[in-house]
Each structure stands twice: as C-alpha cells, then as structure tokens.
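Below is one structure; the comments refer to it alone.
So that the names make sense, note that chain A is the first sequence line, chain B the second, and so on, each numbered from 1.
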There are 2 protein chains.
Amino acid sequence: MAARYELIAAELRDEILAGVHPVGSQLPSEAELAARYSAARGTVRQAVAVLAAEGLVGSRQGARRIVLGGERSQSFAELHSFAQWARSKGHRVGGEVLGQRRRRAGPAELVRLGSPEVLEVLRLRTLEGEPVLLERTVYASWIAGAVEALPPDCVSVTQGLYESVGLVFAYGEHLIDAVAAGSEDARLLGVRRGSPLLRQRRVTTTQEGRPVEWSDDRYRAGSVAFSIRNSIGANPLTRLALS
Amino acid sequence: MAARYELIAAELRDEILAGVHPVGSQLPSEAELAARYSAARGTVRQAVAVLAAEGLVGSRQGARRIVLGGERSQSFAELHSFAQWARSKGHRVGGEVLGQRRRRAGPAELVRLGSPEVLEVLRLRTLEGEPVLLERTVYASWIAGAVEALPPDCVSVTQGLYESVGLVFAYGEHLIDAVAAGSEDARLLGVRRGSPLLRQRRVTTTQEGRPVEWSDDRYRAGSVAFSIRNSIGANPLTRLALS
DNA sequence: GGTCTGGCCTTGTTTGTACAAGTTCCCCTA
DNA sequence: TAGGGGAACTTGTACAAACAAGGCCAGACC
C-alpha cells in the first residue's frame, strides 16, 4: 500500500467522503491533480481509475470526472468473510460450529472443488447476538485438517486459516438468490418455515486458482443486503436465469 | 470498440473461452503478448486488466497470470435492463404496464431523485411466458413525459428511452436482498403470499450523474439469480446491515 | 536427501511524450 | 435572440524506458 497512485487515490477518496468534492460536482482535471501531487499524469490516471472501479466517480471522454457517491466498499475480505465485514462495520459478531464431518464429495462438489473427499461444516453466525446467517460450507480435503484444527469458537475462519497455515483466499465466484427456509434453516435462524432467506453460494480459490471451499450461506431476510455500484463499461454483476 | 487494447482483450477472451488457455493454466507473459501483437507492454497490460476486471484471469506480482474461469458477463445493460439481458441470453421476454400515475414524491424519493413530482409505473415482466418480475419504478419528472409516451407494450424501457430522447443510463447503484411476497406481489407473480422474492432496488443516473429512476424489482424465487466474480483487491460488491 | 541461495523471469509502478476523440463554452453571425 | 462554428480544455489511447518487487527454479551446499 505504498504505491504512489494508491496514496493519491486514498487522499482523493478521503476528500470526497469529507465533502470537499460533493456528490455531483466535478473532480479537478488530471493535469491539475498531477501538478498538485507532483506526479505524472499516468499515475494520477491510475489513482482515479481506482475510484472509478469503486463506483465513487464516473468519467467520460472529454468531460471532467463526476463525483457519483459517498461511502464505498473496501476489501475483498469484506465480501468474503462475514466476520471481517461485520467487525469493520463495528457490529458485534459471534458464531459457533454446529456440526462438522468428513464425507465423500458429491458429483457437484467434485466438479467445483476437485477433491474426492470433503469436510462439511455447519456454522451459525450472529450479529448483535441475533442469529442472522447459516453457513453450510464444504472444504477441499487438502485444507480440511487446518479447518478442523481451528478452535470451535473461531470467529473468522478466513483469518484463522491465514494465521495457522498462511492460506489466502484470493478469488471468489458468488451466486445470489432467494429461497424459502427449510425446517432446519427455520429452527436455527429462529424464523418460520418457508419464510424468505437471502442465499449466497460461493466458490473460493487461492491465489493459484485452486478451489478451497464451496459454501451455501443463508441470511435471515431483513438482516443483510448486498450493495453494488456499476457503470456502463464496467459491470461485474450479472443476472442468471435458473433452471 | 476500435481501441487496440480492446481488440487484444477480445482475442484473448475468445482464446480462453475456446480452451486455448484452459482454466488453471498460465497466460503468456506480457512480453510474449506484446511481441505477438506488436504492441507496447502498456497496451497489453490494459488488455489483460480488462480480463482481470471481468474475473476471467487472476494476477500476482512475480508470477504468470492464471486463467480463472470460463464464460463471463458483458454489458452494463445486461444488469440494468431486464429485457436486454433476457434477449441476449436467448430468452423469450414479455411485459406489460399494469398501472401508471403521476404523484408527489415521498421524502425518500425526493432525496434519491431530487424531483418533487414523480411518475410511478408498475410493470409485470415475463420470461418464456411465465411472470417472473414485478417492477415498481419511480421516474424523475424531467423524464416522465418520455416514459408516458412509450407504447404500453414496450419491451425494453431502456432502449425505448434511448431511441426516443437519446437518454443513456450510465451509472447504477443496486441493493439486493430477500423479502416475503405481499398480497399484490403474490397475486401478480402467481405465488403464495409470504413466499420468498429476490428484491433488487436501484437508482440509475445519466452520464452527468443526474438521477433518472428509482426502482423496486421483485423476482420470483427460483427464476433468476445474480452472479459476481471478485478478487482480492478488486471488489465491487458489499454487504450492508439493515436496520 | 533436504534445504538454502542466487539469478532469472514476470508483474507492478512511475515518468514522459504524443496524438485522438469528445465536451464545454464563448463569440460571432444571421 | 437563437443558432452555428470553433477554440480551448479534458479524458482516452498508445508507445517507450527504467527500476522495483515478488515468484520460480536450478544448482550448490550441508
């Protein structure tokens, strides 16, 4: 995080959040910024590209960049790890492992994880003491041992695995939809059977592209939402038709 | 779309999709690609940055880039416009306007659209003849006339507004969660009251950052899902705690 | 046989330059 | 006064060069 363009991006982001550049206003031109920071125009371009990727500013050829929005997301971890996200937002987060066992991988799991044997873990996560999330996670066998070695009250699995074996979750693919609560979901989350749940299914891989986990996370309705900013020409989210 | 780096990105994307670079394999180095396309290294970097943003490839300093995944999303329109998305995927899409009226903006709408009067439109969209989506959209007053002038059976509002008044939707902010179907939702979508719906609320703005519409879209569960790829260091999606 | 180190390879960062393409806005004209 | 033309400004694209930082591997060493 010592890169020049990241420092400039951070400074501009702070200015935007502080209201120096209000929503709807124009950002200084690249030339002005380059002069202000004594940096080359390319470096400034990299900095504002970061802000554009975050959805903070929009840009069009020929016109000044426009400030689009206020607060913004930061890290990959925030989307990936429930605990890290919750803590960064100042929530009180808890959780416990309800069940854990090794078994043979089903065909779908074999395709996603490339591992004949898997470790299945059922976790309940709480926010401010209220149960909000039920995680059904399946880990590839090569990492199963490290997962089992984690303390049962480990709040952040992501962080735990990083500290114990140096594993870094680097890439993820997520599928988001809505489902009705099954009887187990209902009992554990404290809702009625059939009530709506927000479901996030994801595969996570290491930096080398090796799959680590495949998870089915179900949020109680009204507890959590997903937010995304997009722009013409930069669009990471897609719809998918089911069935 | 005549830019050099876009052409290179398109060619590499095609190669990946065609299996020339299988998932998990290494992409040629920047130097090799630069030589192959007789382009500067910077141009090649821009091209692979596009693929990285799409989640197709991952990269780490020091190591060759890795191919992460297969098919990918394309356009902003795909997320923004239900009709354009459905048609691009080869689905048969239909829809009708169920109600439309002008009224004074509520406080939340005033904040989001900055318009004291709004046009409220209720639309039902179908996929392969089945109702899957109920849209409750509120338009800012300055565009309301153009919306009313659209034919009632207009399949794509986005496209209709572009053709009639040249309006381009450029930026969007989306909030995704799950809700229970209300009685109106249930009747129109053909599901039981209280059954789960996937809700997407969004504000869309023009290129200048002017808000155009604020919409509450509800999908029948099991009909549509949202998909996203992310990576450490590039993460557009965020969780939000509600209440 | 295992481990460690050093060199090579590859990606990341930065600067500088030049031109292309689109926007904005003022001034001039009808 | 309304409209058109054009100059100035701003972002987009492309090239070239150099060094930094981290990964990878083979050969040396214990």
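- Within 4.0 Å of B:Arg45, counting heavy atoms only, lies at least one base atom of the nucleic acid.
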Provide a list of protein-nucleic acid N or O atom pairs under 3.5 angstrom, restricted to nucleotides 22-25 of chain D.
| residue | atom | partner | partner atom | Å |
| --- | --- | --- | --- | --- |
| D:dG22 | O4' | B:Gln61 | OE1 | 3.2 |
| D:dG22 | N2 | B:Gly62 | O | 3.3 |
| D:dC24 | OP1 | B:Arg60 | NH2 | 3.2 |

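- Between the CG atom of A:Leu27 and the C1' atom of D:dT10 there is a distance of 12 Å, rounded to whole Å.
- Residue-to-nucleotide proximity on DNA chain D shows that, of B:Gln46 and B:Arg41, the 5′-proximal contact is made by B:Gln46.
- A cation-pi arrangement is not found for A:Arg136 relative to A:Trp214, the charged atom failing to lie both closer than 6.0 Å to the ring centre and inside a 45° cone about the ring normal.
- The salt bridge (Lys or Arg N to Asp or Glu O under 4.0 Å) test applied to B:Arg101 returns B:Glu120, not counting sequence neighbours.
- Mapping A:Arg64 and A:Val44 onto DNA chain C by nearest heavy atom places A:Val44 closer to the 5' end of the strand.
- For B:Tyr5 and D:dT11, the OH to C1' distance is 12 Å, given to the nearest whole Å.
- Checked against salt bridge (Lys or Arg N to Asp or Glu O under 4.0 Å), B:Glu109 has the following partners two or more places apart in sequence or in another chain: B:Arg103.
- Side-chain contact of A:Thr204 with A:Glu213: a donor-acceptor pair under 3.5 Å is present, judged by distance alone.
- Proximity of A:Ser59 to the phosphate of D:dG12: a side-chain N or O atom is located under 4.0 Å from OP1 or OP2.
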Cut-off 3.5 Å, no hydrogens considered: what does the side-chain donor-acceptor table look like for residues 16-25 of chain B, sequence neighbours left out?
| residue | atom | partner | partner atom | Å |
| --- | --- | --- | --- | --- |
| B:His21 | NE2 | B:Glu15 | OE1 | 2.7 |
| B:Ser25 | OG | B:Pro22 | O | 2.6 |

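- A:Ala31 comes within 4.0 angstrom of nothing in the nucleic acid, heavy atoms only.
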Donor-acceptor pairs are to be reported for all side-chain atoms of residues 60-69 of chain B against protein atoms at under 3.5 Å, with residues two or more places apart or in another chain.
| residue | atom | partner | partner atom | Å |
| --- | --- | --- | --- | --- |
| B:Arg60 | NH1 | A:Glu208 | OE2 | 3.4 |
| B:Arg64 | NH2 | B:Glu32 | OE2 | 2.8 |
| B:Arg65 | NH2 | B:Glu30 | OE2 | 2.2 |

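- The number of heavy-atom neighbours closer than 6.0 Å to OH of A:Tyr37, taken from other residues, nucleotides and ligands shown, is above 12.
- Along DNA chain C, read 5' to 3', the first and last nucleotides having any atom under 4.0 Å from a heavy atom of chain B are C:dT10 to C:dT13.
- Between the side chain of A:Ser156 and the backbone N or O of A:Gln159 there is at least one donor-acceptor pair closer than 3.5 Å.
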